[in-house]
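Have a look at the structure below before the remarks.
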Amino acid sequence: MNKAITDGLVFTPTAFENGLDVWSSGNGTSGSDTYDGAANAAFVPADADFSGCLELIKTDSTQQLRYMGQTPILPGCYLQITARVKAISGNLPSVRIAGYALNGSDNHVSGLTEEGSSTTLTTYGDIYEITAIVGTGARGGVDMVWGTDVVSGHFGLDLTGSNGGVVRIDDIQIEDVTSIYADDKIGIVDVVDYGAVGDGVTDDRDAFVAASNAANGRTVLVPEGTYLLGSNTTIQTPIRFIGQVTCADDVRLELSKSFDLPTYIDAFGDEELGFKKAVQCMMNFSDHESLDMCGRRISVTEPIDMHAAVNNKTSYEISRVLRNGEFDVVSGTAWDPEVVTSAATYSTSNTLALTNVTNIANIEPGSIITGTGVGREVYVRSVDVGAQTLVLSNPLYDAAGTQSYTFTRHKYVLDFSGFSKHSKMVIEDVDFRCNGEANGVMLAPNGIITHFKDCFFTRPAYKAITSPGRGCQGMLIDRCQFLSNEGSANSQDRVSIAFNSNANDVKVHDNRCELLGMFGVMSGSGHQIAENHWFNGDSATDGLRLPGIVLTMPNCKTLITENYIDNGGIEWTNEHDAAPEFSSEFAFGSLTISNNIFYAAGVASFFTFISVRPVGPDHYIQGLNVIGNTFKVLQGNIDRVDKIDTTFYDMNFAAMRNIQWEGNTYNGVNTATANPVYVGHTQSSTTSTWTVDTDERLPFEGYARKCTSLVFEGDVTNSSNVKQTEYPSVVLRSGSNQDQVQLRFSTAVKGTVLAGIRVDNPS
């Protein structure tokens with residue numbers, strides 16, 4: 001860059017031959033004395049070395065020579081002043097380049113260095129070239145650093161030392177030498193040129209803003225140094241960091257045209273801090289909706305508190321995206337869970353609270369709760385230390401009264417729980433490398449539409465995605481990979497969970513979950529779980545298996561379809577109900593399980609793919625579709641695919657309604673469940689009562705409550721083989737297990753019948 005060429009600026013003063021009336025013996029300002037007609041100055045038109053020069057006799061202790069024209073001083077532009085001088089006679093003086101700095105009002109700017117280094121003339125007739133560089137920034141080789149308050153200057157030289165000497169001075173030259181400070185200065189604006197100091201103490205914020213304003217689309221350069229930003233700073237042009245910035249936690253740096261993680265890491269010189277500052281900016285400005293990590297891997301040494309990083313907001317509900325990067329957890333005690341044991345009281349009249357909590361100040365929001373009568377994945381939503389009260393994510397099913405609870409606060413790579421509400425966060429193409437030390441992401445206690453897509457959760461210690469409250473409302477999890485840290489453990493010993501939810505309308509699509517303890521524990525309703533593959537197997541003989549999906553709302557309004565359910569299953573329970581006995585609420589229902597592949601190998605014969613576990617009495621199923629699934633077992637058969645888990649209570653089979661269980665295929669399953677089940681019965685000896693046994697093929701080994709069809713094959717005959725046309729009466733719920741149907745005739749007959757029998761009342 002050369003301003004004389006690019007902008008047509010004239011820096012070099014007029015030649016001496018054009019008159020000495022523009023050359024001052026003072027500071028060069030208007031009204032100062034000139035050398036025109038002075039007794040100690042004359043123009044020499046011919047000299048052996050100079051083609052026209054000024055001959056000057058030194059008569060003052062500091063003999064000044066200043067051009068009275070104002071030479072412009074521009075940020076980022078560096079000028080070199082050159083004078084060629086030789087001594088003629090008399091005392092030999094010293095010579096230096098000098099200037100006089102002016103601001104925009106043509107007033108002198110004091111406190112600046114206005115002289116270059118001094119050179120002593122030692123020989124008569126020898127030519128000495130005296131130079132100095134002036135500019136706005138403190139760059140190497142700049143003799144006069146004038147900052148951005150100076151807009152022009154009067155330049156020339158000083159003669160110092162003994163008086164009486166005679167010197168000749170060639171025409172003074174001023175040229176733009178900015179290019180010596182960069183290999184390619186075109187398109188670069190340096191913050192130093194605008195007054196930045198970079199000592200980590202001086203507030204350089206104004207210099208950064210001035211450089212940004214002057215850049216006009218060019219790139220701002222931050223050279224080596226540490227630059228303090230004392231208040232919020234916005235850079236509205238591309239920027240490149242060689243040095244770093246520092247600022248207080250609540251000071252924001254917005255890089256509008258360079259908003260990506262690598263730039264913030266370069267800016268702050270630290271990966272974790274750079275990420276936090278980038279997030280702080282993303283959630284405080286509207287210029288950008290996403291933070292691109294640009295494929296960068298961050299080594300994370302401690303949990304990233306997203307609320308603390310943003311620093312100035314308690315809630316956030318504008319769509320923002322974090323994409324394309326990796327968090328790599330570094331081992332350390334910062335990831336150790338914090339465990340607190342406290343006594344507390346639970347009442348069914350206040351189902352989402354623990355009261356009279358001892359040691360409450362040590363219990364953190366987001367802690368998972370364990371204790372008698374506590375269901376899976378129950379968390380502390382909030383803590384009121386003064387009231388000694390905790391708010392829970394879900395009710396407790398059998399904990400009325402006072403008891404001791406354990407509160408475990410796991411540590412997460414990204415922790416949003418400090419927000420009271422956080423919505424519409426999208427995390428895509430991010431790999432959470434938890435390395436068996438940390439957990440993935442904790443959501444805020446409230447919020448909607450958090451979306452995870454195309455992410456990896458690699459070796460989470462306990463949890464990949466955790467909702468401690470209702471921040472999971474409408475959550476979407478798409479095409480993510482959940483890779484276990486517990487692959488060598490037997491299935492029943494694994495403790496990790498890919499995700500949990502407490503609110504409604506969660507969509508889980510196209511994910512893969514490898515050897516975690518469970519895929520998901522889901523309260524709420526309105527869920528869609530489709531086209532996922534979760535597998536929980538191990539190498540144990542007659543192995544046990546944990547369920548892959550646990551549904552904790554009995555009337556769950558949920559669709560589970562087209563999944564590959566591998567060595568795991570589905571458990572349906574009501575363990576998040578403070579009054580778990582059936583009363584006037586909806587029964588277990590509104591669940592569709594369709595077109596899935598269920599597969600297991602090497603499991604115990606009592607293993608089942610679908611189980612219902614009522615925590616209270618008198619429950620029944622009203623509305624269940626199990627349609628079009630494939631069930632396959634290798635390395636030994638299982639007894640059946642379905643069961644009622646009677647750990648707490650059995651089902652009320654007399655009330656079952658609207659169960660569709662049909663179109664499924666079974667391999668390696670001893671008893672193929674169906675509803676209606678079609679049972680062929682041949683009565684080879686005559687009797688008036690035929691007993692048709694469902695052979696436990698009805699869902700959950702329930703009652704034979706309806707006989708929907710009787711188709712006789714061939715004739716029904718008496719003992720004389722005479723055809724009988726009487727249609728029998730049907731007696732339901734026969735036998736000790738009430739799973740048989742009796743066909744009663746008025747006379748003893750024999751024959752073959754195909755009976756359609758249901759476990760439910762289909763209406």
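A heavy-atom distance below 4.5 Å is found between the side chains of Glu254 and His288. Contact check for Tyr316 versus Lys424: no side-chain heavy atoms found under the 4.5 Å cut-off. Side-chain contact between Val222 and Phe208 is present, with at least one heavy-atom pair separated by less than 4.5 Å. Tyr78 is listed as a side-chain neighbour of Thr136, based on a closest heavy-atom distance under 4.5 Å. Side chains of Asp143 and Glu115 form no contact here, defined as non-hydrogen atoms less than 4.5 Å apart. Contact of the Leu159 side chain with the Thr62 side chain is not registered, since no non-hydrogen atoms from C-beta on lie closer than 4.5 Å. Contact of the Tyr35 side chain with the Ser25 side chain is registered, since non-hydrogen atoms from C-beta on lie closer than 4.5 Å. Residues Val191 and Pro223 meet the side-chain proximity criterion, which asks for heavy atoms closer than 4.5 Å.
For the residue pair Asp431/Thr458, the side-chain donor-acceptor check at 3.5 Å is satisfied. At a cut-off of 3.5 Å, with distance as the only test, no side-chain donor of Ser258 or Thr263 sits close to an acceptor on the other residue. At a cut-off of 3.5 Å, with distance as the only test, a side-chain donor of Ser331 or Glu437 sits close to an acceptor on the other residue. Judged by distance alone, the side chains of Asp199 and Thr202 do bring a donor and an acceptor atom under 3.5 Å apart. Donor-acceptor pairing under 3.5 Å is lacking for the side chains of Asn91 and Asn163. For the residue pair Glu129/Thr82, the side-chain donor-acceptor check at 3.5 Å is not satisfied.
In terms of modelled atom types and a separation under 3.5 Å, the side chain of Arg296 and the main chain of Asp292 share no donor-acceptor contact. Looking at Tyr128, its side chain never comes within 3.5 Å of a backbone N or O of Ala87 through a donor-acceptor pair. In this structure a side-chain-to-backbone donor-acceptor pair under 3.5 Å is present from Lys58 to Asp60. Looking only at distances, no side-chain donor or acceptor of His154 sits under 3.5 Å from a matching main-chain atom of Arg66. Remark: side-chain polar atoms of Asn446 are not paired, donor with acceptor, to backbone N or O of Lys421 under 3.5 angstrom. In this structure, Asn232 contributes its side chain and Val251 its backbone to no donor-acceptor pair below 3.5 Å. Side-chain atoms of Ser152 never come within 3.5 Å of backbone atoms of Ile73 as a donor-acceptor pair (strictly under, hydrogens ignored). Ser24 contributes a side-chain N or O that, together with a main-chain N or O of Asp33, makes up a donor-acceptor pair within less than 3.5 Å. A donor-acceptor pair under 3.5 Å links the side-chain atoms of Lys277 to the main chain of Asp249, judged by distance alone. Judged by distance alone, with hydrogens and angles left aside, the side-chain atoms of Asp203 form no donor-acceptor pair with the main-chain N or O of Leu229 at under 3.5 Å.
A distance of 5.0 Å separates CD of Gln173 from OG1 of Thr12, quoted to the nearest 0.5 Å. One finds the CZ atom of Phe275 at 5.0 Å from the CD1 atom of Ile304 (value rounded to the nearest 0.5 Å). Summarising the geometry, atom OG belonging to Ser423 is positioned 10.5 Å from atom CD1 belonging to Ile318; distances are rounded to the nearest 0.5 Å. For the atom pair OH (Tyr412) and CH2 (Trp335), the distance works out to 11.5 Å, reported to the nearest 0.5 Å. Between the CD1 atom of Ile130 and the OG atom of Ser117 there is a distance of 8.0 Å, given to the nearest 0.5 Å. Between Leu443 atom CG and Ile465 atom CD1 the span is 7.5 Å, to the nearest 0.5 Å.
Relative ring orientation between His108 and Tyr100 is described as parallel, the plane-to-plane angle staying below 30° on a 0-90° scale split at 30° and 60°.
Two rings, from His307 and Phe416, have their centers 6.0 Å or more apart. Residues Phe155 and Trp23 place their aromatic rings such that the two centres sit no closer than 6.0 Å.
Paired with Lys86 under the rule salt bridge (charged side-chain N to carboxylate O under 4.0 Å, His left out), one option of Asp126, Asp49, Asp170 passes, and it is Asp49. For the pairing with Met306, the side-chain contact (heavy atoms from CB on, under 4.5 Å) check across Leu414, Leu322, Val441 returns one residue only, Leu414.
Closest of all the heavy-atom pairs between Glu302 and Glu272 is N-OE1, 3.7 Å. Between Thr450 and Gly471, the shortest heavy-atom distance links the atoms OG1-O, 4.0 Å. Of all heavy-atom pairs spanning Asn311 and Gln280, the tightest one is CB-NE2, 3.8 Å. Across all non-hydrogen atoms, the minimal contact from Phe16 to Leu65 is CZ-CD2, 4.2 Å. In plain terms, the two heavy atoms of Val310 and Phe419 that are nearest each other are CG2-CZ, 3.9 Å. Minimum heavy-atom separation, Ser212 to Thr234: OG-O, 4.2 Å.
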Quiz item: How far apart are the C-alpha atoms of Val189 and Tyr194, what are their side-chain angles, what is the distance that settles it, and do they pass the side-chain contact (heavy atoms from CB on, under 4.5 Å) test?
Solution: CA-CA 9 Å; Val189 176; Tyr194 292 82; 3.3 Å; yes

Quiz prompt | Candidate pair Asn284 and Asn312, rule side-chain hydrogen bond (donor to acceptor under 3.5 Å, both in side chains), full reasoning | solution = CA-CA 9 Å; Asn284 271 285; Asn312 63 334; 2.7 Å; yes

Quiz item: Going through the distances and angles, do Thr34 and Asp36 end up as a side-chain hydrogen bond (donor to acceptor under 3.5 Å, both in side chains)?
Solution: CA-CA 5 Å; Thr34 73; Asp36 187 29; 5.2 Å; no

Quiz prompt | side-chain contact (heavy atoms from CB on, under 4.5 Å) between His451 and Met425, intermediate numbers included | solution = CA-CA 6 Å; His451 191 180; Met425 186 71 194; over 6 Å; no

Practice problem: Assess whether side-chain hydrogen bond (donor to acceptor under 3.5 Å, both in side chains) is satisfied between Arg323 and Ser290, documenting all intermediate values. | Solution: CA-CA 7 Å; Arg323 60 164 57 95; Ser290 62; 2.8 Å; yes

Exercise. Show your reasoning for whether side-chain contact (heavy atoms from CB on, under 4.5 Å) applies to Phe50 and Ile127.
Key: CA-CA 10 Å; Phe50 306 139; Ile127 298 173; 4.1 Å; yes

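A salt bridge links Asp47 and Arg168; the closest N-O separation between the charged side-chain nitrogens and carboxylate oxygens is under 4.0 Å. Between Arg297 and Glu271 there is no salt bridge, since no side-chain N of the basic residue sits under 4.0 Å from a carboxylate O of the acidic one. A salt bridge links Asp190 with Arg139: the distance from a Lys NZ or Arg NE/NH1/NH2 to an Asp or Glu carboxylate oxygen falls below 4.0 Å.
With sequence neighbours excluded, the residues that form a ring pair (Phe, Tyr, Trp, His ring centres under 6.0 Å) with Phe432 are Phe327, Phe457. Arg96 is linked by a salt bridge (Lys or Arg N to Asp or Glu O under 4.0 Å) to Asp158, counting only residues two or more places apart in sequence or in another chain. Contacts of Asp478 classified as salt bridge (Lys or Arg N to Asp or Glu O under 4.0 Å), with partners at least two apart in sequence or in another chain: none.
Counting non-hydrogen atoms of other residues, nucleotides and ligands closer than 6.0 Å to CG of Asn216 gives a total of 12 or fewer.
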